[in-house]
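Following: one structure in structure tokens, then a few remarks.
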Amino acid sequence: MTDDEWIYLYVLLLSFALAFGTNYVPSGFKRRNYCTIIGLLLANATCGIQIGYSLFSTCLTYVTLLLSPINIGYKINFVSTFLFLLFVRLSSNLGFERVSSFTNVIQLLLTLKLVGFGFEYHSKHSKRSPMNLAYDLLSYSYCFIGLLTGPHFTYKSYINMINDKYTLSNKHLFISIINRGFYLPIIGIIFLLFSFYFPLDFVRNEEFYKLNFIYRLFYMIPSFIVFRYRMYFAWIASELVCIAARLGAYPTAAQCRPGLGPTVELTELECEEAFINNSIDFRTVFNIDVYGCELKPTFRDGMRSWNITVQWWLSYYVYKRVPHNLRSLSTLITMSISAYWHGIHIGYYLSFLTVPFVVQIEDYCISRIRNNLEDPRFIRIFDFCNWIMKMRHFEYQSMGFLLLSASDTMNYWSSIYFIMHISIPLCYLVAFQFGMKNSKEKSK
């Protein structure tokens, strides 16, 4: 593990312990200050003077929402927040000190919060007083829960946790923590083993490219295992912090969606009864579906199972708001915004902008082949083959995500002859031929 990874682990453990403290702090003003002060201290401890970036972006959103007309303020805020994110990324080229990984991740998550806050502010159609707006923004932005590792949650979910007046039994709280964190030690062990035996830096070594094609092709499998199991560990641990603080605790009947929160409005009496009966879940902060990532057969389902709260953010604030005349480009635009949000490294764009083509060709294969199969055995064979392709595409594209630079990414992909890029038109040809054959047989 790197030094940064150790620090992230310490922050998660400290946050988990402090999250329990929120249950003993009176709801409202005192609880909000408790979460905000701890968050500011954590940000300062990990970022140092670079905390100024996140403070400035928070102030930028404050000024934008305060001075802009309410009907366009949230749009201006979207653009200005993402432009400032670009400035942070390019700051080292402008003579500033290179931003640390902690500064970068806080800015990433804060960008989602500030944009979402702008939309929530707009949807209420009423302005807060300048003091209330400043306090709401600062406290939401620097809540220590999820500050460095997510998951994303809306201002409404945050304020519900702050003002929560219902009592959840400690027994149910601990059961929720144990159920969600049960496999965390196994995930951690797998990450440590694979990261030790398959270091990513080896791919950047000239000796790597002297090895045979099969080994080079194989290496993307353990590289992706290291990446995704590190993220599994971080995101599940972050969910445990939320659970310990009761952030995202809603009645099951509210039918919560990850990131968004409740989709069904319940009366106060119904909420109270649900908490008394422990009919509560933490679906709002559910950020990673390990089963879906590992075993669901389609690429689309695998994507939906990964970083779910951010997936919701991208869908709600980007995908669904693409103008109707550009609907055919919705996926491409969303993936472009996602790549931009992750960083300015070319590797992100090489990976993310391949996604629309993979999704389209997978849908085509399903419609031309799977939907025309009648024998359940052949359907299972198709699903298995599709799962194989899904995992190989994730591994292949993850190399761009991990290697970052265009040269390193292209060196690796070219060393395995762009095999997964080539598979896209090949799959199209197979599906096309199968569909043609099936059509001829039906016409007889």
task = Assign the ring pair Phe352 / Phe401 to parallel, tilted or perpendicular, where the plane angle (0 to 90°) is split at 30° and 60°.
result = perpendicular
message = Determine whether a donor-acceptor pair (N or O, by modelled atom type, separation under 3.5 Å) exists between the side chain of Asn160 and the backbone of Lys156.
response = yes
inquiry  = Please determine whether the number of non-hydrogen atoms from other residues, nucleotides or ligands lying under 6.0 Å from atom OH of Tyr135 exceeds 12.
reply    = yes
inquiry  = Closer than 4.0 angstrom, basic N to acidic O: yes or no for Asp383 and Arg370?
reply    = yes
request  = Please check if any side-chain donor atom of Asn371 sits under 3.5 Å from a side-chain acceptor atom of Ser367, or the reverse.
outcome  = no
ask   = Any side-chain donor paired with an acceptor under 3.5 Å for Glu120 and Tyr140?
value = no
query = Would you say the side-chain atoms of Tyr229 and Ser195 include a donor-acceptor pair closer than 3.5 Å?
reply = no
query = With a 3.5 Å cut-off and no angle check, do the side chains of Tyr53 and Asn104 form a donor-acceptor pair?
reply = no
task = Return yes when atom CZ of Phe198 has more than 12 non-hydrogen atoms of other residues, nucleotides or ligands closer than 6.0 Å, and no otherwise.
result = yes
message = Between Thr309 and Asn287, do the side chains contain a donor N or O and an acceptor N or O under 3.5 Å apart?
response = yes
request  = Only pairs at least two apart or in different chains count here, so list each ring pair (Phe, Tyr, Trp, His ring centres under 6.0 Å) that has a residue in residues 234-275.
outcome  = Tyr166-Phe275, Trp235-Trp306
query = Taking only residues two or more places apart in sequence or in another chain, which ones pass side-chain contact (heavy atoms from CB on, under 4.5 Å) with Pro356?
reply = Thr331, Leu332, Met335
key: Distance under 6.0 Å and angle within 45° of ring axis: Arg257 vs Phe286   = no
From NE2 (His172) to CG (Asp281), nearest 0.5 Å = 8.0 Å
ask   = What class does the angle between the rings of Tyr121 and Phe117 fall in, given that below 30° is parallel, 30 to 60° is tilted and above 60° is perpendicular?
value = parallel
ask   = Step by step, would you call Asn163 with Arg31 a side chain to side chain donor-acceptor pair (under 3.5 Å)?
value = CA-CA 8 Å; Asn163 295 328; Arg31 185 178 294 177; over 6 Å; no
Heavy-atom neighbours of Phe418 CZ exceed 12 at 6.0 Å = yes
task = Could you pull out all residues at least two apart from Ile346 that satisfy side-chain contact (heavy atoms from CB on, under 4.5 Å)?
result = Leu350, Ala406
query = Is Glu362 salt-bridged to Lys390, going by a charged N under 4.0 Å from an acidic O?
reply = no
ask   = Do the ring centers of His421 and Tyr396 come within less than 6.0 Å of each other?
value = yes
